[in-house]
Protein chains: 2
Amino acid sequence: MPTHYKGKPEEVQALNTYIKLSRAMDSVQACLLNGSSMKELTISQFGTMEALYHLGPLCQNELGSKILKSNSNMTTVIDNLEKRGLVRRERDTNDRRMIIINLTDTGKQLIESVFPEHTKNMVKIFSALSNEEQKTLGDLLRKLGKSINN
Amino acid sequence: MPTHYKGKPEEVQALNTYIKLSRAMDSVQACLLNGSSMKELTISQFGTMEALYHLGPLCQNELGSKILKSNSNMTTVIDNLEKRGLVRRERDTNDRRMIIINLTDTGKQLIESVFPEHTKNMVKIFSALSNEEQKTLGDLLRKLGKSINN
DNA sequence: AATGAATGATTTGCTGTCAAAACATTGTAA
DNA sequence: TTACAATGTTTTGACAGCAAATCATTCATT
């Protein structure tokens, strides 16, 4: 549903673009969560484990920076993953402020088993757009993001 | 940070497009939340009040459908708005299953005071893109969303 | 009138999310 | 060596978000 606001054209355009961005994001995430591979993990758990799988063990603070989550949120997500035996916390010996997060064997097996289907779902979702369209979309989103973060 | 996954080109492209979409959405929302007008309302509270402001009183279930939130989430968001005196629940006289959500005078004044700056922020954010680019972005996002929801 | 299906809202249980405060540890300057 | 700043993590408090179950109400059928 587009905005019902009636103002200047650039205001209506900005509000509508925001709505479309928000709706698209919701749709993509809902579709990903419907994949059978996402029955066992929440989006944040998946992102955390994916980062550990591809980058190796990471300091908790560093992990949070990579997947753009706050320190306190990382504590909660890792608490739940640890509780399920999917990761292990390990205090750094050189700097005891730091906790290194490792995937356990169980965690590694799980992410290895769900990642292919997740990737397949992702390809399916974005195949609605041609290669050129995906590139254009990515470029515009980057431009938008860069402008905000400067 | 793009994906570190090394797979087929269409897989890498899909994952990267997803990351860009996710990052852009996070950036836009963080920027909106930094606006002084968003000190008093959360994103969902704002969306709820904006919908009520532009569309008039709505049945709770209908409101949830419009802003794409679940029934249980609507209960929580409206609980908090009601607690703050910004909305009022009113049982429908014709169908007592339904609760009509109204903005209170206080709520109306608040949304009227924050909406202009919110809109201005939105325009500022999206002015990173030209009109043509915003239109292209919107079209691609719509195409993506439509494909998923069919 | 009675019964079951459908609908709207709440509750329960769980996870996520963040800012601010608090705590523990390390680094730096005096 | 001491004091303070900086850093990493947790805790606290609050709100968001959803699925499933539950409750109340309405609708349709018999």
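Proteins come first, then strands; the chains are lettered A, B, ... in the order of their sequence lines, and each starts at number 1. Treat the numbers as computed from the prediction; the structure is a model and nothing was measured.
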>> Under 4.0 Å, heavy atoms only, any strand: does A:Asn71 hit a base, just the sugar-phosphate, or nothing?
In response: base
> Quick one: CG on A:Asp26 to SG on A:Cys31, what's the gap to the nearest 0.5 Å?
Replying inline: 12.5 Å
> Is there a path of hydrophobic side-chain contacts, each under 4.5 Å between heavy atoms of I, L, V, M, F, W or Y residues, that connects A:Ile125 with B:Leu68?
Replying inline: no
>> To the nearest 0.5 Å, what is the distance between CG on B:Asn34 and CD on B:Gln29?
In response: 12.0 Å
>> To the nearest 0.5 Å, what is the distance between CZ on A:Arg84 and CG on A:Asp79?
In response: 13.5 Å
> Which is true for B:Asn61 with a 4.0 Å heavy-atom rule: it touches a base, it touches only sugar-phosphate, or it touches nothing?
Replying inline: sugar-phosphate
> Would a distance-only check, ignoring hydrogens and angles, find a side-chain to backbone donor-acceptor pair under 3.5 Å from A:Gln45 to A:Thr42?
Replying inline: yes
>> Is the shortest side-chain heavy-atom distance between A:Asn121 and A:Leu32 below 4.5 Å?
In response: yes
>> Need two values: the first and the last nucleotide of DNA chain C, 5' to 3', having an atom under 4.0 Å from any heavy-atom of chain B.
In response: C:dA6 to C:dT11
>> Between B:Tyr18 and A:His118 (judged by ring centroids, cut-off 6.0 Å), do the two rings come close enough to count as a pair?
In response: no
> Can you list the residues that meet the side-chain hydrogen bond (donor to acceptor under 3.5 Å, both in side chains) rule with A:Lys8, with sequence neighbours excluded?
Replying inline: none
> Using a heavy-atom distance cut-off of less than 4.0 Å, which residues of residues 84-100 of chain B contact DNA chain C?
Replying inline: B:Arg89, B:Arg97, B:Met98, B:Ile99
>> Categorize A:Thr75 for me: base, sugar-phosphate, or nothing, with a 4.0 angstrom heavy-atom threshold over every strand shown.
In response: base
> Less than 4.0 Å between a side-chain N and a carboxylate O, is that true for A:Lys135 and A:Asp139?
Replying inline: yes
>> Closest-nucleotide mapping onto DNA chain C: is A:Val77 or B:Cys59 further toward the 5' terminus? I mean the 5' end.
In response: B:Cys59
> side-chain hydrogen bond (donor to acceptor under 3.5 Å, both in side chains): which pairs involve residues 98-110 of chain A, sequence neighbours left out?
Replying inline: A:Glu90-A:Asn102
> Going 5' to 3' along DNA chain D, which nucleotides are the first and last within contact of chain A (any atom under 4.0 Å from a heavy atom)?
Replying inline: D:dA6 to D:dT11
> Base, sugar-phosphate, or nothing: which does B:Ser44 touch, judged by heavy atoms less than 4.0 Å apart?
Replying inline: sugar-phosphate
> Under the side-chain contact (heavy atoms from CB on, under 4.5 Å) test, which residues partner B:Lys20, sequence neighbours left out?
Replying inline: A:Leu141, A:Arg142
> Which is true for A:Thr42 with a 4.0 Å heavy-atom rule: it touches a base, it touches only sugar-phosphate, or it touches nothing?
Replying inline: sugar-phosphate
